[in-house]
Amino acid sequence: MVYGPHTPSDRERMLAVLGIDAVERLFDDIPAAVRAPGLDLPGPRSELEVGRELAGLAARNRIDLVSFLGAGVYRHHIPATVDTIISRGEFATAYTPYQPEVSQGTLQAVYEFQSLLAELMGLPVVSASHYDGASATAEAALMALRATGRDRVLISRAVHRHAVDTTHTYFAPGSRELQELPTAADGTTDLVALEAALADTARPVAGVILGQPNAFGLLEPMARAAELAHAAGALFIAVVEPVSLAVLAPPGEYGADIAVGEGQPLGIAPQYGGPYLGLLAASQALLRQVPGRLVGRTTDLEGRRAFVMTLRAREQDIRRDKAASNICTNQALCALAATTYLATLGPHGLGDVAAGGAAAARRLELALAAIGIERLHTAPYLNEFAIRVPGATGVHARLLERGILAGLPLQRWYPDDADLADALLLCATEVTTDEDIERLVEALREVTA
Amino acid sequence: MVYGPHTPSDRERMLAVLGIDAVERLFDDIPAAVRAPGLDLPGPRSELEVGRELAGLAARNRIDLVSFLGAGVYRHHIPATVDTIISRGEFATAYTPYQPEVSQGTLQAVYEFQSLLAELMGLPVVSASHYDGASATAEAALMALRATGRDRVLISRAVHRHAVDTTHTYFAPGSRELQELPTAADGTTDLVALEAALADTARPVAGVILGQPNAFGLLEPMARAAELAHAAGALFIAVVEPVSLAVLAPPGEYGADIAVGEGQPLGIAPQYGGPYLGLLAASQALLRQVPGRLVGRTTDLEGRRAFVMTLRAREQDIRRDKAASNICTNQALCALAATTYLATLGPHGLGDVAAGGAAAARRLELALAAIGIERLHTAPYLNEFAIRVPGATGVHARLLERGILAGLPLQRWYPDDADLADALLLCATEVTTDEDIERLVEALREVTA
Amino acid sequence: MSRRSAVGPDLQPTLDELSVPGRSSFKVPHAPAGALDGEPAEHLRVRPAAHPEVDEPSVVYHFVRLSHLNYSVDSGFYPLGSCTMKYNPKVNEWAARLPGFAELHPLAPDALAQGTLELMWRLQQQLAEIGGFPAVALQPAAGAHGELTGILVIRAWHTSRGDAARDEVIVPDSSHGTNPATATMAGYRTVTVASRPDGSLDLDALRAALGPRTAAVMLTNPSTLGLFEHGVVELLEAVHAAGALAYMDGANMNAVLGHFRPGAAGFDVMHFNLHKTFSTPHGGGGPGAGPIAVAEHLAPFLPGPLVVAEPDGSYRLERPAERPASIGRVRAYHGSTGILVRAFAYILAHGGPGLRQVSDDAVLAANYLRQRVGQAYGLPFEGPCKHEFVATAQALKAETGVRTLDIAKRLIDYGYHPPTIYFPLIVEECMLIEPTETESIETLDAFADALIAVAEEARRDPELLRGAPHDAPVRRLDEASAARQPDLRWQPMSGEQ
Amino acid sequence: MSRRSAVGPDLQPTLDELSVPGRSSFKVPHAPAGALDGEPAEHLRVRPAAHPEVDEPSVVYHFVRLSHLNYSVDSGFYPLGSCTMKYNPKVNEWAARLPGFAELHPLAPDALAQGTLELMWRLQQQLAEIGGFPAVALQPAAGAHGELTGILVIRAWHTSRGDAARDEVIVPDSSHGTNPATATMAGYRTVTVASRPDGSLDLDALRAALGPRTAAVMLTNPSTLGLFEHGVVELLEAVHAAGALAYMDGANMNAVLGHFRPGAAGFDVMHFNLHKTFSTPHGGGGPGAGPIAVAEHLAPFLPGPLVVAEPDGSYRLERPAERPASIGRVRAYHGSTGILVRAFAYILAHGGPGLRQVSDDAVLAANYLRQRVGQAYGLPFEGPCKHEFVATAQALKAETGVRTLDIAKRLIDYGYHPPTIYFPLIVEECMLIEPTETESIETLDAFADALIAVAEEARRDPELLRGAPHDAPVRRLDEASAARQPDLRWQPMSGEQ
Ligand SMILES: Cc1ncc(COP(=O)(O)O)c(C=O)c1O
Ligand SMILES: Cc1ncc(COP(=O)(O)O)c(C=O)c1O
């Protein structure tokens with residue numbers, strides 16, 4: 001397929017106007033030494049053939065297992081309204097709303113996204129989206145550097161592994177330092193270690209980053225950590241899961257200056273990793289440090305309410321090397337999915353999803369306890385927790401053969417931590433059924449017998 | 001789910017305005033003796049539960065077989081544009097364009113449908129759609145009665161079985177007579193029998209109906225049949241398959257007064273039977289006999305071109321018992337699918353689809369001949385033909401076990417015809433692969449060994 | 001917003017105007033050369049079809065652009081009486097497109113079709129419960145098709161009893177136009193019975209019309225006036241006493257779900273409009289589905305095949321020989337299954353309580369809106385109404401000369417789809433207004449305010465209304481020329497090079 | 001067309017304005033009572049989130065209505081320079097939504113992910129062929145993200161060689177804004193090199209700027225002026241001679257597919273913009289994907305995990321230990337796979353010849369349009385251009401006082417999306433116009449005619465342009481107040497009852 005309309009005679013007409021005899025002439029500015037003769041790729045192919053090939057590949061993925069895998073990406077029921085809206089060409093095939101007069105659809109939707117997330121986060125400024133939760137975490141850490149003029153950030157090792165890794169990558173250049181905080185025996189961040197790290201005034205700390213729930217599904221003492229951070233003049237950054245915020249305290253309330261998170265649970269399919277939705281919210285004081293787009297409300301010539309991108313002087317196309325971030329393309333359509341998701345569910349619906357997952361996780365915990373499988377940690381959790389199973393990685397593999405995806409063997413993320421060698425991280429959401437739980441428990445009983 | 005917006009307090013507000021205390025009062029006009037206490041159906045259920053149940057049912061259907069089944073419903077590749085367009089709410093959730101000022105989208109698309117089909121059919125008047133090919137055939141037969149004032153119609157037994165059956169059903173009332181014409185040895189309609197039937201002037205014939213290709217996939221001598229019909233003062237009605245018309249002579253050219261057909265092959269999924277698209281085209285002379293909607297081109301107050309439903313005085317809402325048909329709801333969205341399909345493929349694309357199916361069928365014929373399986377009939381065919389296999393119904397069942405849907409055992413449609421007891425009707429289209437053919441041939445070899 | 005259309009006065013060129021030889025960019029596998037060499041020339045097309053050649057991007061643009069010229073439920077309030085233009089749940093669209101449903105061939109053996117067969121069987125049961133009938137056939141493709149099927153079933157019943165003299169169907173003048181049209185198609189003469197001034201059926205007139213020639217009475221209930229036929233018990237008695245059968249047009253069931261079950265009340269046949277009551281989208285005119293439900297004595301005559309549940313939990317299509325009295329099929333295959341999937345999902349989502357809530361809310365909203373509209377328009381009939389009501393601009397017309405048509409067109413400028421107008425035919429200058437249960441009280445109020453404002457405008461500035469709409473893609477059309485010189489297709493394009 | 005909005009001046013109420021307590025009609029399974037009883041109170045939300053409560057029909061209406069306020073590729077010509085707003089094939093949307101792709105968890109073991117892993121591996125190969133590089137990483141989420149990744153790779157390479165003193169990145173002033181912004185993020189100082197009057201890079205200035213502190217030169221090629229950097233060979237020589245590496249911003253590859261392979265030419269790193277060149281939809285701002293390709297010596301530093309093909313025909317993710325020199329990950333999981341599926345389908349459909357045709361047509365269309373636009377506007381640079389070109393209204397402004405902004409807004413009235421304006425920053429009153437290869441010659445002509453007509457209008461009636469747009473959902477906005485008093489969210493709604 002070549003989708004364009006040009007016929008040989010169209011091309012000739014254009015060439016004639018240009019006064020040249022072949023389109024090749026238009027490429028004569030490419031030095032001969034580096035001019036390519038074409039590409040060695042088979043095709044073109046018809047849509048029938050392309051469709052068949054893609055359907056064949058999709059069919060080779062296995063999505064039919066009973067799954068307890070979460071670890072940052074959560075299966076939820078996505079209302080049919082979401083795809084109905086995001087597949088509309090008017091949204092999907094528009095670009096960044098540079099011309100507000102013909103982009104009010106996107107702009108108002110982004111304003112609504114900002115408003116919905118601000119309420120969920122308890123923070124007034126919400127960026128119009130980042131690539132994903134991990135890169136948003138890294139951007140938040142950089143924000144802390146800019147805002148404080150310091151160059152050291154503390155991050156709990158119980159923040160999502162990929163967010164920690166990504167922040168390390170972003171911190172590689174120059175004098176930036178990212179220090180990991182250990183966890184205590186109960187699985188939450190070791191606040192004693194935090195205090196100690198903050199006390200090292202030789203290299204004052206710009207920001208402290210904790211996850212809520214953390215990477216083990218556990219609820220962290222966020223308010224206390226925020227206090228400690230603030231006492232040392234550091235910003236406090238919370239890495240949150242947005243659905244949980246329907247029932248958990250909003251970051252703004254426990255003192256977070258910045259909250260980031262992965263927005264995938266808000267109506268976005270797992271898709272083997274993306275596109276997802278990086279969430280980033282901040283306090284009013286940090287407004288001008290916020291990377292990414294912001295949409296504001298204003299009026300038009302006739303006094304009609306309208307929306308427009310604003311505070312653009314933070315952005316790369318205007319500020320070049322002085323910009324707050326290099327971000328240009330963001331995840332707007334995913335933000336629209338989240339907006340539609342939240343609008344469809346409403347606050348009670350979202351609360352039921354969050355609480356429903358928690359209830360399913362409780363049932364899972366009890367069912368496992370009944371066959372003698374216990375949680376690894378003692379701290380409270382919401383809808384995800386680790387269990388101890390001797391030979392976890394092997395057990396996980398054997399359960400796969402039985403059609404069960406028994407969460408994540410934590411060894412994959414913490415290969416050097418003996419405490420986690422026998423751990424499986426299991427998650428439940430509102431889509432988890434009692435039958436799923438029974439099947440897992442039954443299979444675990446057999447496999448560990 | 002109850003989708004509506006009303007809250008208890010909305011309802012109270014409305015009741016208060018009406019001055020009543022309970023919505024039940026609004027049902028007091030239903031006599032107590034026949035008032036129902038509710039319905040014994042479980043629910044309501046959440047979208048998650050409904051989705052799960054439906055996905056479970058869909059998964060119980062088997063669509064993964066290698067298929068040679070056609071028999072009136074043909075598998076073609078449907079361009080992605082088709083669903084993109086017909087799933088747009090602006091088309092899908094509109095109704096009959098009674099108010100043309102706000103329905104130009106539907107109206108222009110119908111005009112385009114009429115134009116595209118007129119060209120394909122070689123007939124100038126195309127109705128805006130009927131329920132399906134079978135009911136369109138019956139409507140055409142009734143048209144012939146109205147147009148001629150006669151009451152007898154001849155239909156070849158090699159018209160699609162369901163179209164014949166449906167026409168019988170429509171002909172049950174009153175003095176209407178539908179007489180089936182036999183087929184000759186080569187599988188096409190017996191023209192000698194046709195001549196004889198037409199010669200019975202005691203009961204003059206209103207119309208003669210033949211299929212092209214016919215129910216056995218064979219090409220009928222349409223021009224000759226039309227001549228015979230016309231000589232007897234009868235209308236000639238062709239039942240056609242629209243994709244084939246990219247390469248076969250258009251009905252208008254061989255003298256058909258009316259052409260009908262099943263529009264499913266034009267971009268509509270099989271869906272176990274519908275919704276499909278009844279096609280009906282006619283000569284200018286029959287314009288006012290055409291049942292169903294017609295859209296015409298006109299201008300608005302300002303001289304701008306616009307489209308509108310026209311010649312409405314044929315319709316039931318205006319003419320009641322004098323209407324040309326009782327049809328009201330038609331298959332507009334399916335007609336839009338067909339319009340998008342034809343617009344996307346263009347004439348060459350449609351030609352390739354038709355010829356590609358023919359070519360695949362030739363390959364299938366040759367491959368079968370190589371293992372000694374022969375065609376049942378001698379008349380030429382396009383992309384569907386019957387083969388003779390001893391114990392066809394049993395063979396068909398055994399092939400199913402091997403994952404092959406070997407067309408239709410013709411015995412299902414002609415239980416009393418010994419000639420067809422051993423016949424399988426096989427079809428190939430552009431989606432049929434050489435591998436499909438190999439698998440069929442291989443399996444047939446095994447099963448018939 | 002436009003590409004080529006920016007330059008002309010037309011809203012959007014037609015496909016033929018967009019055509020350029022060689023433009024089609026969509027690719028299908030090329031048929032091998034000589035694919036048709038074996039075919040006798042007499043059967044082949046000489047001149048290839050002169051269809052437009054348009055590139056894929058322009059095809060998409062073309063139809064997206066056309067879509068923007070449409071009013072729809074998704075884009076506004078659509079109180080089109082008699083059509084039940086309610087919200088069409090998006091999950092049902094998803095369900096109908098599941099490949100398991102969409103790609104199943106209708107002649108696939110039962111063993112391959114267990115999912116759809118189960119769904120159809122359960123839908124038969126659901127509709128039986130909703131209608132209060134023992135048997136349901138899903139085949140009919142629309143309401144009118146269901147009517148034809150139902151009347152043919154009635155005819156077959158009379159015939160089976162040797163009662164061949166009955167050649168009349170009685171239809172009240174407040175019934176839907178498809179009812180008399182159906183009677184004609186089924187070979188009957190229509191006898192019309194007038195309504196009484198209160199909109200109800202004149203029982204005495206009905207009794208007078210009934211007789212040994214009466215095959216059936218077809219009652220639209222609630223009627224097209226939006227009124228429940230309160231004499232239904234007496235009516236049924238009279239019909240049956242005359243040896244006739246009672247057909248209920250159930251297209252308006254959205255008003256009485258869980259409140260009235262026609263079969264339980266004594267009707268012999270009814271049809272459902274799945275695209276109205278169970279909210280499958282109207283598609284710009286269709287498709288829909290019109291299953292019928294019948295009483296025990298009529299079950300043998302239903303069109304086939306029905307879906308049958310086996311003791312082992314599997315499902316199958318009936319074999320023809322199982323019900324030899326069947327009227328036969330009324331279409332190919334087994335029904336508009338894609339529509340059935342949507343309706344099944346809708347019923348499943350609501351359950352009994354939800355469906356009753358639907359009717360409660362539909363009727364409440366209609367009565368509320370009726371009360372508000374009554375502030376400025378005539379209400380020819382006493383309330384309560386059911387799911388819709390008739391209002392009339394007769395007085396306003398007498399006062400201002402403005403017609404209902406003008407009011408309707410002016411409503412377009414206010415952003416609304418007009419109600420059904422001049423239907424039913426028996427009320428002068430009428431509007432049939434059906435708000436449905438899925439519109440908020442704020443929408444109902446805003447619409448009533450608009451109607452009231454338009455009535456004011458009619459007094460102040462009648463020309464404003466006569467020239468309306470002013471704010472629509474096109475102004476009023478010249479419908480007379482359209483009918484006088486029908487232009488039903490573009491001029492045949494020149495053939496291929 | 002509207003429901004509630006018919007009554008107010010706003011285009012459409014915001015969701016909070018539509019909210020009524022109890023209105024949400026979408027149903028999720030109820031969580032059992034006491035589901036959160038075990039949670040310590042300190043962690044729980046005290047006041048439920050005050051989110052809007054809107055019924056499902058109104059949610060759909062709301063967003064459909066908003067969609068109608070947008071301009072998009074599907075609804076019009078969108079010659080937004082630097083953005084490659086071409087037709088987004090619908091089959092790719094279908095493919096990305098296949099449940100096998102969409103529902104796969106990113107941490108699913110390799111054995112469950114063979115379809116997607118194969119696709120990713122093949123896409124790595126395809127991009128390698130297109131770019132002329134041996135290794136590709138798919139992880140980056142956008143072009144700018146690819147740039148950051150690429151520059152971090154370069155940094156890691158220098159570091160691995162103990163060459164830690166390099167702290168500068170050289171960027172021509174005709175490069176995209178993300179290039180210098182990236183340099184900053186990656187901890188480098190940006191050194192800007194001016195272009196020559198003909199728009200090409202000033203090689204002498206570059207040579208002067210290069211030195212032992214230079215880590216890399218980032219070249220947008222074709223540049224944001226739409227010009228191919230004809231001194232590319234000399235440039236590469238100079239860069240490498242200085243011990244620096246050459247980064248090519250490949251966001252504009254739509255111009256040179258099959259004509260120029262940056263890796264083969266000697267670049268060390270490049271990124272692709274899949275959402276531009278391979279036509280995944282822009283989504284109102286995103287998402288996209290920005291894979292990078294690198295030369296052999298940089299492969300060890302690529303972010304991981306990459307996808308590896310096993311001899312047995314299976315595919316797997318790299319294990320961290322396999323490439324210890326990797327810079328690590330730049331995001332969670334393995335890439336924006338949903339976007340990768342679309343790009344893969346696009347490349348598959350075109351093949352090598354098709355992709356080259358894409359560039360041929362894109363460049364031909366741009367040159368044709370340039371020629372036509374030059375009839376009324378300044379063309380600051382010699383042709384031929386590549387996929388886009390710069391025009392300027394400088395002379396027109398001098399003559400009429402009308403600014404490029406006014407011209408852009410007036411184009412909206414003609415039904416077009418304006419080109420990119422005031423970008424690149426180095427040309428006064430400029431417009432960057434990119435027609436892409438999927439717009440017909442008729443559209444190009446109509447757009448050129450419109451631009452020419454607007455220039456006429458500027459002379460005749462400059463106020464008409466200053467007040468434009470006149471025919472858009474809103475008039476010009478007060479952007480100054482928006483920035484002065486940022487209103488970035490609706491007023492917090494009152495909490496729950
Ligand atoms: C009362 C009534 N009866 C019958 C019909 C005919 O149904 P259909 O349009 O599905 O054929 C309608 C259609 O709106 C109707 O409102
Ligand atoms: C030349 C060029 N480079 C880089 C970018 C940045 O890419 P992205 O927006 O995907 O981050 C763009 C975006 O349009 C671009 O045009």
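Per chain, numbering begins at 1; letters A, B, ... match sequence-line order. Since this is a predicted model, take the numbers as computed values, not measurements.
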- Item | Polar side-chain atom of D/Tyr78 near backbone of A/Tyr95 as donor-acceptor pair, under 3.5 Å | yes

- Would you tell me whether D/His30 and A/Asp352 have side-chain atoms, one donor and one acceptor, within less than 3.5 Å of each other? yes

- Query: Under the side-chain contact (heavy atoms from CB on, under 4.5 Å) criterion, do D/Asp74 and A/Glu90 qualify, and how do the steps go?
  - Reply: CA-CA 7 Å; D/Asp74 277 5; A/Glu90 293 92 330; over 6 Å; no

- Item | Distance-only polar pair, side chains of A/Thr93 and D/His282, donor-acceptor under 3.5 Å | no

- Which bit of D/Leu348 is near chain A, if near means a heavy-atom gap under 4.5 Å: side chain, backbone, both or neither? both

- Measure across A/Asn61 and D/Gln114 and return the closest heavy-atom pair with its distance rounded to 0.1 Å. OD1-N, 3.5 Å

- Query: Stepwise, does the ring-ring contact (aromatic ring centres under 6.0 Å, His included) test hold for A/Tyr272 with D/His105?
  - Reply: CA-CA 5 Å; A/Tyr272 202 63; D/His105 194 289; 8.9 Å; no

- What's the verdict on side-chain hydrogen bond (donor to acceptor under 3.5 Å, both in side chains) for D/Ser24 and A/His348, showing C-alpha distance, side-chain angles and the deciding distance? CA-CA 8 Å; D/Ser24 303; A/His348 305 293; over 6 Å; no

- Flag, side chain of D/Arg45 to backbone of A/Leu120, donor-acceptor distance under 3.5 Å: yes

- Query: Counting only N and O atoms by type, is there a donor-acceptor contact under 3.5 Å from the side chain of A/Thr169 to the main-chain atoms of D/Arg329?
  - Reply: yes

- Picking from D/Ala183, D/Ala289, D/Ser481, D/Ala345, which has the most non-hydrogen pairs under 4.5 angstrom with chain A? D/Ala345

- Closest heavy-atom pair and its distance - D/Ala349, A/Val50: CA-CG2, 3.6 Å

- Note on the structure: Of the listed A/Arg293, A/Gln108, A/Gln114, the one with the largest count of heavy-atom pairs under 4.5 Å with chain D is A/Gln108

- Message: Please check this pair: side chain of A/Asp317 against backbone of D/Gly177, looking for a donor-acceptor N/O pair closer than 3.5 Å.
- Response: no

- Quick one: does D/Val64's side chain get under 4.5 Å of A/Thr84's, heavy atoms only? no

- Note on the structure: In short, D/Pro486 meets A/Leu311 closest at the heavy-atom pair CG-CD1, 4.1 Å

- Query: Is A/Arg60 salt-bridged to D/Glu118, cutoff N-O under 4.0 Å?
  - Reply: yes

- Message: Please determine whether side-chain contact (heavy atoms from CB on, under 4.5 Å) holds for the pair D/Thr420 and A/Tyr98, giving the CA-CA distance in whole Å, both sets of side-chain angles, and the decisive distance to 0.1 Å.
- Response: CA-CA 8 Å; D/Thr420 298; A/Tyr98 293 120; 5.9 Å; no

- Donor-acceptor side-chain pairing of D/Tyr333 and A/Asp132 below 3.5 angstrom: no

- Heavy atoms, side chains only, cut-off 4.5 Å: are D/Met493 and A/Glu119 in contact? no

- Task: Kindly indicate whether the side chain of A/Thr298, heavy atoms from C-beta on, has any atom under 4.5 Å from the side chain of D/Asp487.
- Result: no

- Task: Determine, step by step, whether D/Phe101 and A/Ile63 satisfy the side-chain contact (heavy atoms from CB on, under 4.5 Å) criterion, reporting the C-alpha distance in whole Å, the side-chain angles of both residues, the deciding distance to 0.1 Å, and the verdict.
- Result: CA-CA 9 Å; D/Phe101 291 135; A/Ile63 53 167; over 6 Å; no

- Pair D/Gln357, A/His6: side-chain N/O donor-acceptor within cut-off below 3.5 Å: no

- Flag the pair D/Arg476 and A/Glu101 as a salt bridge only when some basic side-chain nitrogen lies within less than 4.0 angstrom of an acidic carboxylate oxygen. no

- State, without any angle test, whether A/Ser103 and D/Asn70 hold a side-chain donor-acceptor pair at a distance under 3.5 Å. no

- Nearest heavy-atom approach of D/Pro32 to A/Ala359 is CG-CB, 3.4 Å

- Query: Any side-chain heavy-atom pair from A/Thr310 and D/Leu488 closer than 4.5 angstrom?
  - Reply: yes

- Test item: A/Pro173 and D/Met185 side chains (from C-beta on) under 4.5 Å apart, heavy atoms: no

- Message: Using every non-hydrogen atom in the two residues, find where A/Leu405 and D/Pro109 come nearest and quote the distance to one decimal.
- Response: CD1-CD, 3.7 Å

- Could you have a look at A/Asp165, A/Val2, A/Asp29, A/Val23 and say which one has the most heavy-atom pairs with chain D under 4.5 angstrom? A/Asp29

- Item | Pairs of heavy atoms under 4.5 Å with chain D: top-ranked of A/Asp321, A/Val353, A/Thr96 | A/Asp321

- Message: Any non-hydrogen side-chain atom of D/Leu477 less than 4.5 Å from a side-chain atom of A/Leu301?
- Response: no

- Task: Find the one option among D/Leu148, D/Thr184, D/Val330 whose heavy-atom pairs under 4.5 Å with chain A are most numerous.
- Result: D/Val330

- Task: Measure distances from A/Pro42 to the heavy atoms of chain D and classify the residue's part below 4.5 Å as side chain, backbone, both or neither.
- Result: backbone

- List the steps and the verdict of side-chain contact (heavy atoms from CB on, under 4.5 Å) for A/Gln271 and D/Thr116. CA-CA 9 Å; A/Gln271 299 173 87; D/Thr116 296; over 6 Å; no

- Residue from A/Asp10, A/Leu336, A/Leu142, A/Val295 scoring the most non-hydrogen pairs under 4.5 Å with chain D is A/Val295

- When heavy-atom pairs shorter than 4.5 Å are enumerated against chain A, which of D/Val28, D/Val341, D/Val256 gives the highest number? D/Val28

- Residue among D/Leu98, D/Ile339, D/Leu15 with most heavy-atom pairs under 4.5 Å to chain A: D/Leu15

- Could A/Glu262 and D/Arg331 be called an ion pair, given the rule that one side-chain N must be under 4.0 Å from one carboxylate O? no

- Identified side chain to side chain contact (heavy atoms under 4.5 Å, CB included) counterpart of A/Leu39 within the set D/His350, D/Arg356, D/His259, D/Arg261: D/Arg261

- Give a yes or no on whether the backbone of D/Arg489 and the side-chain of A/Tyr111 come within a donor-acceptor separation of less than 3.5 Å. yes

- Look only at the side chain of A/Arg305 and the backbone of D/Gln12, and say whether a donor-acceptor pair between them is shorter than 3.5 Å. yes

- Message: Would you say A/Arg88 and D/Ser67 are linked by a side-chain donor-acceptor pair, where the criterion is simply a distance under 3.5 Å?
- Response: yes

- With no hydrogens and no angle check, is any side-chain donor or acceptor of A/Asp300 less than 3.5 Å from a backbone partner on D/Arg475? yes

- Does the distance from a Lys or Arg side-chain N to an Asp or Glu carboxylate O, for D/Asp361 and A/Arg11, drop under 4.0 Å? yes

- Query: Mind checking whether D/Leu36 and A/Leu382 have side chains closer than 4.5 Å, heavy atoms only?
  - Reply: yes

- Heaviest contributor of heavy-atom pairs below 4.5 Å to chain A, chosen from D/Gly338, D/Ala186, D/Gly38, D/Pro180, is D/Pro180

- Message: So which residue, A/Ala118, A/Ala323, A/Cys328, ends up with the most heavy-atom pairs under 4.5 Å with chain D?
- Response: A/Ala118

- Considering all heavy atoms, the nearest A/Asn326-D/Ala144 contact: ND2-O, 2.8 Å

- Message: Are the side chains of D/Lys409 and A/Gln99 in contact, using a 4.5 Å heavy-atom criterion?
- Response: yes

- Query: Out of D/Thr190, D/Val59, D/Leu80, D/Thr178, which one racks up the most heavy-atom pairs below 4.5 Å with chain A?
  - Reply: D/Thr178

- Distance, nearest 0.5 Å, that separates OG1 of A/Thr81 from CZ of D/Phe63: 8.5 Å

- Item | CA sep, side-chain torsions, deciding dist, call: A/Arg362, D/Glu39, salt bridge (Lys or Arg N to Asp or Glu O under 4.0 Å) | CA-CA 11 Å; A/Arg362 295 279 164 303; D/Glu39 307 294 349; 2.3 Å; yes

